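If you're wondering where the values come from, they're calculated on a predicted model, not measured in any experiment.
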Amino acid sequence: MDESHTIERDGEKIAVLGVQNWGAQMRFPKYGNLPKAHAASGDAPFKILLSHDPSHWEGEVLSYPDIDLTLSGHTHGMQFGVNLPFFKWSPVQYVYKQWAGLYNRGEQYLYVNTGLGFLGYPGRVGFLPEITVFELRRA
């Protein structure tokens, strides 16, 4: 909801920012207010942004160099494709540049989770439901 909350543990801070949907493609609305959420994140040295649509990353997020990690979904891997450790392919890659897995630009990272649900066809071929667990460590 265009907010930020800081988690503090043993004197270390992480800001978790969340925005409403913001899609770079014309068919999806730009409701999210990243400037508002970012302003509320203060001076936390590590910032994680939750933004549903991965196109937001190139469309706006990369211009905020202190947002270290963006977590997105939206694409579902199109519920169809090939998902092997050494090769990933799905028709959704022709619509979204970042559509499944980890991407980076310099020191900024985006992870796109292929999710649990579905749209239209109630099944998946190649892209099984995904729950991702992250373990954050000091670099």
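Looking at residues two or more places apart in sequence or on another chain, you find a ring-ring contact (aromatic ring centres under 6.0 Å, His included) between F28 and H74. When the side chain to side chain donor-acceptor pair (under 3.5 Å) test is applied to S41, the partners found at least two apart in sequence or on another chain are K47. Every residue was checked against the side chain to side chain donor-acceptor pair (under 3.5 Å) condition with E8, not counting sequence neighbours, and none meets it. A search for salt bridge (Lys or Arg N to Asp or Glu O under 4.0 Å) contacts involving E12 returns R138, not counting sequence neighbours. Taking the ring-ring contact (aromatic ring centres under 6.0 Å, His included) definition, one finds that W99 meets it with F127, sequence neighbours left out. The ring-ring contact (aromatic ring centres under 6.0 Å, His included) search around H56 returns W22, not counting sequence neighbours. With sequence neighbours excluded, the residues that form a side chain to side chain donor-acceptor pair (under 3.5 Å) with E130 are Y111, T114, T132. Every residue two or more places apart in sequence or in another chain was checked for a side chain to side chain donor-acceptor pair (under 3.5 Å) with R9, and none qualifies. Residues passing the salt bridge (Lys or Arg N to Asp or Glu O under 4.0 Å) test with K13, sequence neighbours excluded: none.
Listed by first and then second residue, the salt bridge (charged side-chain N to carboxylate O under 4.0 Å, His left out) pairs involving residues 104-116 are E58-R105 (not counting sequence neighbours).
Counting non-hydrogen atoms of neighbouring residues, nucleotides and ligands closer than 6.0 angstrom, the CG atom of N104 exceeds 12 such neighbours. Residue-environment remark: CG (L84) exceeds the threshold of 12 foreign heavy atoms within 6.0 Å.
The closest side-chain heavy-atom distance from I48 to L17 is not below 4.5 Å. Residues V16 and L50 have side chains in contact (heavy-atom distance under 4.5 Å, counting atoms from C-beta outward). Put simply, the side chain of Y96 does not reach to within 4.5 Å of the side chain of V112, judged on heavy atoms.
Looking at every heavy atom in both residues, S55 comes nearest to A24 through OG-N, 2.9 Å. Of all heavy-atom pairs between S51 and T70, the closest is CB-CG2, 4.3 Å. Closest approach of V92 and G77 over heavy atoms only: CG1-C, 4.0 Å. Across every non-hydrogen atom of M78 and S90, the tightest pair is CB-OG, 3.5 Å. The two residues L69 and F46 make their nearest non-hydrogen contact at CB-CZ, 4.4 Å.
Linking Ile, Leu, Val, Met, Phe, Trp and Tyr whenever their side-chain heavy atoms come within less than 4.5 Å puts Y109 and I14 in one cluster. Criterion: ILVMFWY side-chain heavy atoms under 4.5 Å apart, direct or through other members. Under it, F87 and V125 are part of a common hydrophobic cluster. Residues L110 and F134 do not share a hydrophobic cluster, clusters being chains of Ile/Leu/Val/Met/Phe/Trp/Tyr side chains in contact below 4.5 Å. Under the 4.5 Å side-chain contact rule for hydrophobic residues, Y64 and V19 share a cluster. Cluster membership for I67 and L136, using ILVMFWY side-chain heavy atoms within less than 4.5 angstrom, is not shared.
One distance of note links CG of N83 with CG of L128; it measures 7.5 Å at 0.5 Å rounding. In this structure, Y103 OH and S72 OG are separated by 10.5 Å, a value rounded to the nearest 0.5 Å. Taken from CG in L49 to CG in L71, the straight-line distance is 8.0 Å, to the nearest 0.5 Å.
Remark: the backbone N or O of V95 is paired with a side-chain donor or acceptor of Q25 at under 3.5 angstrom. Remark: the backbone N or O of G18 is not paired with any side-chain donor or acceptor of E3 at under 3.5 angstrom. At distances below 3.5 Å, not a single donor-acceptor pair connects side-chain atoms of R124 with backbone N or O atoms of G81.
Other residues sharing a hydrophobic cluster with F118 under the 4.5 Å side-chain heavy-atom criterion for ILVMFWY residues do not exist; the residue is a singleton.
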Could you pull out all donor-acceptor pairs under 3.5 Å where a side-chain atom in residues 30-39 meets a protein atom, sequence neighbours excluded?
residue : atom : partner : partner atom : Å
K30     : NZ   : G23     : O            : 3.1
N33     : OD1  : K36     : N            : 3.0
H38     : NE2  : D66     : OD1          : 2.7
H38     : NE2  : D66     : OD2          : 3.1

Quiz item: Taking it one step at a time, do L119 and Q79 satisfy side chain to side chain contact (heavy atoms under 4.5 Å, CB included)?
Solution: CA-CA 8 Å; L119 179 63; Q79 299 163 227; 3.9 Å; yes
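Side-chain contact annotation: Q20 with D2, donor-acceptor N/O pair under 3.5 Å present.
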